[in-house]
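Written out below as structure tokens is the structure these notes cover.
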Amino acid sequence: MSRPEAISPLFRSLRSIKGVGDKLAALLTRFFGAPEGQDAIALDILMHMPSGVVDRRRQVGIAEAYLNQIVTLKLHVDRHQPPPRGKEHIPHRVFAHDETGDVQLVFFRAQGGWVERALPIGEDRYVSGTIGFFNGEKQITHPDYIVEPEKFASLPLVEPVYPLTQGLSSKALAKLVRQVVDSVPDLPEWIDAGTLRQRQWPSFAAAMRMVHLPDAPGEAELWAPARQRLAYDEYFAGQLTLQLIRSTMVADRGIARVFSGQITEKVSKVLPFSLTQGQLAAVDEIRADLASPDRMSRLLQGDVGAGKTVVALMAMAAMAESGAQSALMAPTELLAAQHYKTLKPLCDLAGLGCELLTGKMPAAERRAKLAGIASGATTIVVGTHALFQSGVAFQNLGLTVVDEQHRFGVHQRLALSDKGKHTDLLVMTATPIPRTLVLTHFGDMAVSILREKPKGRQPIDTAVLSIGEYDRVVARLKARLDDGAQAFWVCPLVEESEHLDVVAAEDRYAELAKVFGDQVALVHGRMSAAAKQAVMGRFAANEVKLLVATTVIEVGVDVPNASIMIIEHAERFGLAQLHQLRGRVGRGSARSSCLLLYKGNLSQTAQARLDTIKSTEDGFEIAERDLELRGQGDVLGTRQSGMPGYRLAVPDVHRHLLDFAHDDVKALLTRNPGLTGEDGEAARTALYLFRKDLAIPLIRAG
């Protein structure tokens, strides 16, 4: 399906627009981040939203123009006072009046006679700018606009303000915006008429005109009908993409798995605890997916310590009953080794072949493991993304489990599940994700949620203290360690920084070693995997009492005897990180504590973060609060990972529209899965407009 002809004007290079030369075109291409080798296009301008509006409608006499107000005055030009020759630091002053008073127009470094030409003596001009005072006189320094009375209509009385880049002036951008908005065609409508009437929304073209060329400031506000309509459109295109991907993965027929129940029963018997109600429900949902002829694509999200790994083990055991293999992929070798350590003893007791495959093992050992995977003797393989590199051949891969990959985009999920023919996909995350973000980023997946912690998990006492209490903290810590406890001490940086006034892990380790000697060890992300593993092994074996670390221990580290977590410079960590770090303790029988040490005066946001962590251990509540405090772009690391951000929608303001879009897309694909006819053509147009055309090939005849 090719792009609709109606929207072709929006896909033309900006070079084709009058007034855009090579230099400006190159600047705009960099500014909008066009793909390598391609120009920025008209659509980039259209989707570049204003950050505010300047209101020049206040047309009063000089007498009623007050300090710092933006006004538009009709002035009579009386005389010019240019600076004396050689005194360029003195401004050029223009004296003008209206029937209510006098005003000066001030221009610094005004050379070339342009001021005299713009403001001829004895003539009238409309002038717009901000009123200031100097020596008791009203003045406007560098007016924004000067126009002749007959050209007054060209003066934008309501002027959107845009984010700019060096070399791009607001006037040049405004001129481009006007040309592009004028070229927006009337498009087929993807929102049904009843909904448009009920919400009192304009058409797409009208909404773009209201936002970019408003008649009143309120038309361009985030909560105004035009901006709400455009935010909904962006959500609609995103939801349509995700739901098309999901229907494609499901339509790529899976295998209806048949289970004997023997292996899962063996696993249940060797578990040292009974499954929670949430775990049992998740296992049932996964088994139902696996038994269906459709392909599974499920997100398993649970709070820190909710027992996701055991749910994954039950799923992999069920897969083994059907004669297929499973692969569990973790983001780091440290986390892969941790999973293997948890799973291997249980698999051995249940008679399941379980192996760890990493990129750094000796060649002979690796060859032996690859042979076991290829022959099918190995039922469960644990590793990093190296599991899916060439050279790793599965005899019959049935299930891929991806852990902590909330940074996976939809492209990667499609590619990953393509590695095994008809493989089912289970994605796990210990980052509780607010519903808004589940819909935004995982709308192509079914969702299982583990809310309760396994029995025996201890509550964690959380306190907030100034780093000024350091000596008291160390003395108390020494007493606890002497009693047999183990502790983590987390710092934000590995080594000292010239730019940040932050104690680094290496420095803190050196300080603590003076008190604790060889009872303290250091682990951070710059160490080799083997060195990290060796230190973690000593800590897990209780040979080391205190582990100084960076956030390398944020996920996957399981040392039940560790009952104390100290986080230094806690004000520098995000809520999700603080929650993850705190979750490293409270895993054994001892009551656990978390101490948040901060330095200096806390900002309002930092105070709110620390108050939230102190007041609750509910990861889902923390995630919702994180979304409020940080905005959705940061919560999942979307800016670093290529996950979709938004250009028109502002989730803090428009979050409610995501549910509407989700439900509307679901209804559309139920009644018209092939997106045929007028409403199908309109929906496809939306996909092209919002650059979601990767989903176009996924549309199937319904």
Side-chain angles (χ1 to χ4, degrees), residues 7 10 42-59 69-70 72 128 144 153 155-164 170 173-239 436 439-440 627-628 631-633 644-665 682 685-686 689-691:
I7 57 175
L10 299 177
L43 188 63
D44 290 318
I45 294 280
L46 195 66
M47 297 293 185
H48 188 56
M49 291 287 104
S51 54
V53 171
V54 175
D55 187 355
R56 303 186 185 282
R57 292 176 304 167
R58 185 168 169 76
Q59 297 176 56
Q69 270 188 345
I70 294 174
T72 300
S128 187
D144 300 319
L155 195 159
L157 293 178
V158 180
E159 183 182 28
V161 178
Y162 294 90
L164 299 170
S170 54
L173 184 59
K175 190 176 173 186
L176 270 174
V177 164
R178 181 170 287 278
Q179 291 180 78
V180 170
V181 170
D182 285 342
S183 72
V184 178
D186 283 325
L187 299 173
E189 185 54 79
W190 48 84
I191 305 176
D192 72 76
T195 302
L196 275 182
R197 275 196 307 274
Q198 181 193 345
R199 295 175 190 163
Q200 298 183 307
W201 285 350
S203 69
F204 177 83
M208 279 294 181
R209 181 165 286 276
M210 289 167 127
V211 167
H212 288 295
L213 306 172
D215 292 325
E219 288 184 353
E221 297 284 11
L222 287 174
W223 45 86
R227 196 63 188 273
Q228 293 228 19
R229 151 87 210 223
L230 296 175
Y232 169 90
D233 291 342
E234 190 169 29
Y235 284 144
F236 176 88
Q239 285 302 301
T436 312
L439 282 181
T440 306
L627 186 64
E628 289 169 28
Q632 81 109 37
Y646 292 109
R647 299 182 75 174
L648 313 189
V650 177
D652 290 357
V653 179
H654 302 132
R655 201 178 304 174
H656 63 292
L657 298 173
L658 184 57
D659 280 332
F660 292 155
H662 176 77
D663 294 344
D664 292 349
V665 166
T685 302
L689 279 176
F690 289 94
R691 311 285 185 88

Q: Given side chain to side chain contact (heavy atoms under 4.5 Å, CB included), test Asp144 with Arg56 step by step and report yes or no.
A: CA-CA 10 Å; Asp144 300 319; Arg56 303 186 185 282; 3.0 Å; yes
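- Using a 4.5 Å cut-off on side-chain heavy atoms (C-beta onward), Arg691 and Asp44 make contact.
- Separating the CG atom in Leu43 from the CZ atom in Phe690 is a distance of 8.5 Å, to the nearest 0.5 Å.
- Closest non-hydrogen pair, Asp186 versus Ala205, comes out as OD1-CB, 4.1 Å.
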Q | Gln228 vs Gln200, side chain to side chain contact (heavy atoms under 4.5 Å, CB included): CA-CA, chis, key distance, verdict | A | CA-CA 10 Å; Gln228 293 228 19; Gln200 298 183 307; over 6 Å; no
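- Taking the six-membered ring where the residue is Trp, the centroids of His654 and Phe660 are separated by 6.0 Å or more.
- Identified under the salt bridge (charged side-chain N to carboxylate O under 4.0 Å, His left out) test for residues 192-212, with sequence neighbours left out: Asp182-Arg209.
- Note that OH of Tyr235 is 8.0 Å distant from CZ of Arg655, once rounded to the nearest 0.5 Å.
- Residues Met49 and Pro160 have side chains not in contact (no heavy-atom distance under 4.5 Å, counting atoms from C-beta outward).
- Residues that satisfy the side chain to side chain donor-acceptor pair (under 3.5 Å) test with Arg58, not counting sequence neighbours, are Gln69.
- We find the CZ-CD1 distance between Arg57 and Ile70 to be 12.0 Å, quoted to the nearest 0.5 Å.
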Q: Please step through side chain to side chain contact (heavy atoms under 4.5 Å, CB included) for the pair His48 and Leu173, ending with a clear verdict.
A: CA-CA 10 Å; His48 188 56; Leu173 184 59; 3.9 Å; yes
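- The distance from the CZ atom of Arg647 to the CD atom of Glu234 is 8.5 Å, given to the nearest 0.5 Å.
- Ile191 is listed as a side-chain neighbour of Arg229, based on a closest heavy-atom distance under 4.5 Å.
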Q) So Gln239 and Leu658, side chain to side chain contact (heavy atoms under 4.5 Å, CB included) or not? Walk me through it. A) CA-CA 8 Å; Gln239 285 302 301; Leu658 184 57; 3.7 Å; yes
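- Considering CG of Leu176 and CD1 of Ile45, their distance stands at 4.5 Å, rounded to 0.5 Å.
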Residues 213-227 side chain polar contacts: donor-acceptor under 3.5 Å, at least two apart:
| from | atom 1 | to | atom 2 | distance (Å) |
| --- | --- | --- | --- | --- |
| Glu219 | OE1 | Asp215 | N | 3.0 |
| Arg227 | NE | Leu648 | O | 3.2 |
| Arg227 | NH2 | Leu648 | O | 3.3 |

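- Under the 3.5 Å distance criterion, with hydrogens and angles disregarded, a donor-acceptor pair is assigned to the side chains of Asp233 and Trp190.
- The CG atom of Leu157 sits 5.5 Å away from the OG1 atom of Thr72 when rounded to the nearest 0.5 Å.
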